[in-house]
Every structure is written in structure tokens, then in C-alpha cells.
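This report concerns only the one structure given below.
For clarity, every value in this text was computed on a predicted model and none was experimentally measured. Values below: every heavy atom of this structure, side chains too, minus hydrogens, waters and symmetry copies.
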Amino acid sequence: MSKKKLHIKKDDLVLVLSGQDRGKQGVVLEIFPKKNRAVVEGIHFIKCHLRPNQTGQGGVVEREGTIHISNLKKVER
């Protein structure tokens, strides 16, 4: 198995090129090379429904979703 070479890495500052968050900048939190996707801080929020458990209540939580790497451009700090 060969490792994919990606143009961005964790902790890089990136610019979103397309989609609803076009023009926004953020820091890469996590990379998924097999899926060619990345999680960027403050970009592409999705709603996750949490089931209630013994320690706390459930509810709807917003968190960052993944973005395809082709929609990201590395920006110099």
C-alpha cells in the first residue's frame, strides 16, 4: 500500500475555494488521506444528534464536517 501525497498537512492555514464557505480561511485539524478529505477549524458545520446517556443529556450538537481536499488551497501565514 502506498501512501498518498497531499498538498496540505495538519496545522496548515487553508483557503476554501468552493462551496458554501467559499473565501473563508481556517486551520486543518485532521486529514483523511484515503478519502481525500480534511476537517478545517470553523468551516462546514454539520449537526450531529446525540443520544442521551447516564452522564448527560442528548441533543443536537454542531461540529466541523469534512471537506474534499480539492476545494482547499494552502495559504502562507
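Alongside Phe32, the hydrophobic cluster contains Leu29, Val39 (criterion: ILVMFWY side chains under 4.5 Å). Apart from Leu13 itself, the hydrophobic cluster it occupies contains Leu15, Leu17, Val27, Val75, where clustering links Ile, Leu, Val, Met, Phe, Trp and Tyr at side-chain heavy-atom distances under 4.5 Å.
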Expected list for residues 61-68: side-chain donor-acceptor pairs under 3.5 angstrom, two or more places apart:
| residue | atom | partner | partner atom | Å |
| --- | --- | --- | --- | --- |
| Glu64 | OE2 | Gly42 | N | 3.1 |
| Thr66 | OG1 | Arg37 | NE | 2.8 |
| His68 | ND1 | Ser70 | N | 3.2 |
| His68 | ND1 | Ser70 | OG | 2.9 |

What side-chain donor-acceptor pairs closer than 3.5 Å can you find for residues 44-54, not counting sequence neighbours?
| residue | atom | partner | partner atom | Å |
| --- | --- | --- | --- | --- |
| Asn53 | OD1 | Thr55 | N | 3.3 |
| Asn53 | OD1 | Thr55 | OG1 | 3.1 |
| Asn53 | OD1 | Gly56 | N | 3.0 |

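Residues forming a side-chain contact (heavy atoms from CB on, under 4.5 Å) with His7 (at least two apart in sequence, or on another chain): Ile69.
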Candidate pair Val40 and Val16, rule side chain to side chain contact (heavy atoms under 4.5 Å, CB included), full reasoning: CA-CA 9 Å; Val40 181; Val16 180; 5.5 Å; no

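Of the inter-residue distances, the one linking Leu72 atom CG with Asn36 atom CG reads 11.0 Å to the nearest 0.5 angstrom. Rounding to the nearest 0.5 Å places CD1 of Ile31 at 10.0 Å from NZ of Lys10. A distance of 11.5 Å separates CD in Glu30 from CG in Asp11, rounded to the nearest 0.5 Å.
Between Ala38 and Val28, the shortest heavy-atom contact is CB-CG1, 4.4 Å.
The stretch residues 68-77 participates, sequence neighbours left out, in these salt bridge (charged side-chain N to carboxylate O under 4.0 Å, His left out) pairs: Asp12-Lys74.
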